[in-house]
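What follows is a single structure, written as C-alpha cells, with notes after it.
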Amino acid sequence: MGTQETYPIDVGAIREDFPILDRMVGGDIETPGEGEGDTQPLVYLDNAATSHTPEPVVDSIADYYRGYNSNVHRGIHHLSQEASVAYEAAHDRVAEFIGASGREEVVFTKNTTEAMNLVAYAWGLAELGPGDTVVLTEMEHHASLVTWQQIAKRTGADIEFIRVDDEGRLDMDHAAALIDDSTEMVSVVHVSNVLGTITPAAELAEMAHAHDAYIFVDGAQSAPTRPVDVEAIDADFFAFSGHKMLGPTGIGVLYGKEHLLEAMDPYLYGGEMIRSVTYEDSTWEDLPWKFEAGTPVIAQGIALHAAIDYLDDIGMQNVRAHEDHLAEYAYNRLAGFDDVEVYGPPGDERGGLVAFNLAGVHAHDLSSILNDHGVAIRAGDHCTQPLHDKLGVPASTRASFYIYNTREEIDALVDAVDDARQLFA
Amino acid sequence: MGMGSDMYRQQILDHYKNPRNKGKMSDPDFSHSGENPSCGDTITVNVSLEDDGETIEYVSFTGDGCAISQASASMLSERLPGTTLPELEAMDTDDITEMLGVDISPMRIKCAVLARQVTQDGAAMHQGEAIDRTTTEG
C-alpha cells in the first residue's frame, strides 16, 4: 500500500474534533492534563482499550447536565420528561445502529462485561445444568471466559473451547465437532482483541441454532469498527461498550432477541425495573427497563446516541475501510522485521489492531520505551491470559487504531520500536 | 523525554544484559520464589548467611521477566551481602528506587520491588513466620 494513498475518510477534519490528540505527554503524571513537563506529542494507538471522545459527544454530556439533567421515568415534571424522551431515543438509536427491531431488544448496562454477566446469570443459572455445554473460543476475553467458567462451576455445565489455528483463525471444523446437541450456548468474540481475528459469527450462529443452542456475540471490538447487523448474524445476544466507540465510559449495550429477554428473569432488582410492588411480591416493567434497575446511565446513554450519530456520519463501511487500511499498513511494517513477531492472521484479514513482541525486549519494557516517545499502546495479556499461554508469551504489545489515526503515527510506532531495539541490543 | 526513559539508564540495562550473581546456590540457608503476575516476572532468590545466622553472606538469583525486575534482582544481590536480616526486613520501596537510581513509573513499581519482597518473604519464613505469598504487592 503506497504512502501516497489517501485515506478512506477525512482524517484531518476528524482530528479537529479530538483536541486531546494535540496534547503533549511525558511529564508529571500526578496532575491530570497537559502540563509544563509534557514535551512529547501524543501518538495514541490504544483504541482497543478505549477510544477518545469527539467534541459533539462531550457537548451532548454537557448539554444534558447544563440543560435537562433529571431522573428518568419517575417525574411528571418537564425536565424529567425531556430526559426520559432523550434516554429512550438513545435505545432506539442503538437498535437502528445494530439492526435490532426496537428498543425492547436494547438494554443499557455498565459495559460489555456486565452485559455478559447479565446473560450468564439471568439465562445461564436458570438454564444450564450437568450434561450441558457452553462453547467458547480459545481467544475469548476474560469478560466471557471467566464469566462462563464461574457459571459452569455453579451449574455443573461444561465449557469447551474452539481451537484457534497457528495463523490465528478459528478452526471451523473443530467448531462443527464441538457444537452438538449438548450445547446450550455458543459465546464467541466477534473480533479478537489480541489476534485481530474476525470470527465468522453468522456461520457459528447457524451451527448453534441447528442444535437448538443460543449464540452470544461479544462485539466489544466489532461494533466500534465495522457495520454490525445482529439480525443478519442471527445473534441471540450481542454486547458492546460505548467507550470504545467515541462514547463515554460507564455504558454498555446488551442486545437480546425480544422473546429471549422476555423469558429471562431480571438480573438486578430495585427501582425503575418494577411495575407493581406489594410487601409480598413484585411484577416487572416492560423491556428493556426490566433489566435496568435503579437510576440508569442517562447521560452516558444520551452521549452514546451522539457517538453513534458521529460514526454514522462517517459511515461504518468507511470506518471499517480506514481500520483495514491502517491494520494492513501496521502489519506489513511490523512483520517486515525478523525480530518482530506479530500475532494473528495476515494484514488483509484482521480488525484494526496488531499485537506483537520484539525479540529480547519484554512487552512492558517496550511499552515504557514507546511511552518515552509519546506512543500510547497497551502491553500485557489484554485480558486473555489463556490465549497468551497458548502463544507461549507472558505478554504482548498491542497497537490499535481508530478513525483519527494516520500512517505517520504507525511510522512513529515503528521508529520507537527501533529505538528499543537499539537500547537493548 | 519523560520519566520512562530514565528507567532505562545504562546501569539498569547493564544489569539486565549482564546480571550479577545469577544462578543457583548449592547449599543456601533459604530460597524463595515469587512472581509478578501482571508482567509475568519470576524471581527465585537464594541466600546464605554468615555464622551468626543473621548477616547475609551471599545472594544469588534466577528468574525471567522485564528489565526492571531482573536488573533490580541483580543489583539487590550485590547490595545485600553484609546486611542483617532485620535490616533487610526494614527495606522499603524507596530503598529500591534509590538503589536503582532512577524514577520508576507507578505502573512498574511491582517489577522493581519483586526481588526485595521475595527476599524479605524468604527471610521471614526462614525465621519461622508463616508466609505463603508468592506475588508482589504494590
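The shown structure was predicted, so the numbers you read here are calculated from the model rather than taken from an experiment. Throughout, a chain's letter reflects where its sequence line sits, starting with A, and its residues are numbered from 1.
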Heavy-atom side-chain contact between B/Arg108 and A/Ser368 under 4.5 Å: yes
Heavy-atom proximity to chain A below 4.5 Å, by part of B/Asp41: side chain
Atom NZ of A/Lys390 with >12 non-hydrogen neighbours under 6.0 angstrom: yes
Closest non-hydrogen atom pair between B/Gly40 and A/Pro394, with its separation: CA-CB, 4.1 Å
B/Asn18 atom CG: more than 12 heavy-atom contacts under 6.0 Å: yes
Enclosure of A/Gln422 CD (heavy-atom neighbours >12, cutoff 6.0 Å): yes
A/Asp365 side-chain N/O to B/Ala67 backbone N/O, donor-acceptor pair under 3.5 Å: yes
Chain B contact via A/Ala425 - which portion, at a heavy-atom distance below 4.5 Å: backbone
Flag if over 12 foreign heavy atoms under 6.0 Å of NZ, B/Lys22: yes
A/Ile29 CD1 to B/Met107 CE distance, which is reported to the nearest 0.5 Å: 9.0 Å
Atom CE of B/Met125: over 12 foreign heavy atoms under 6.0 Å: yes
A/Asp418 CG: over 12 foreign heavy atoms closer than 6.0 Å: yes
Nearest non-hydrogen partners of A/His364 and B/Tyr8, listed with the distance: O-OH, 4.1 Å
Atom group of B/Ile68 that falls short of 4.5 Å from chain A, counting heavy atoms: both
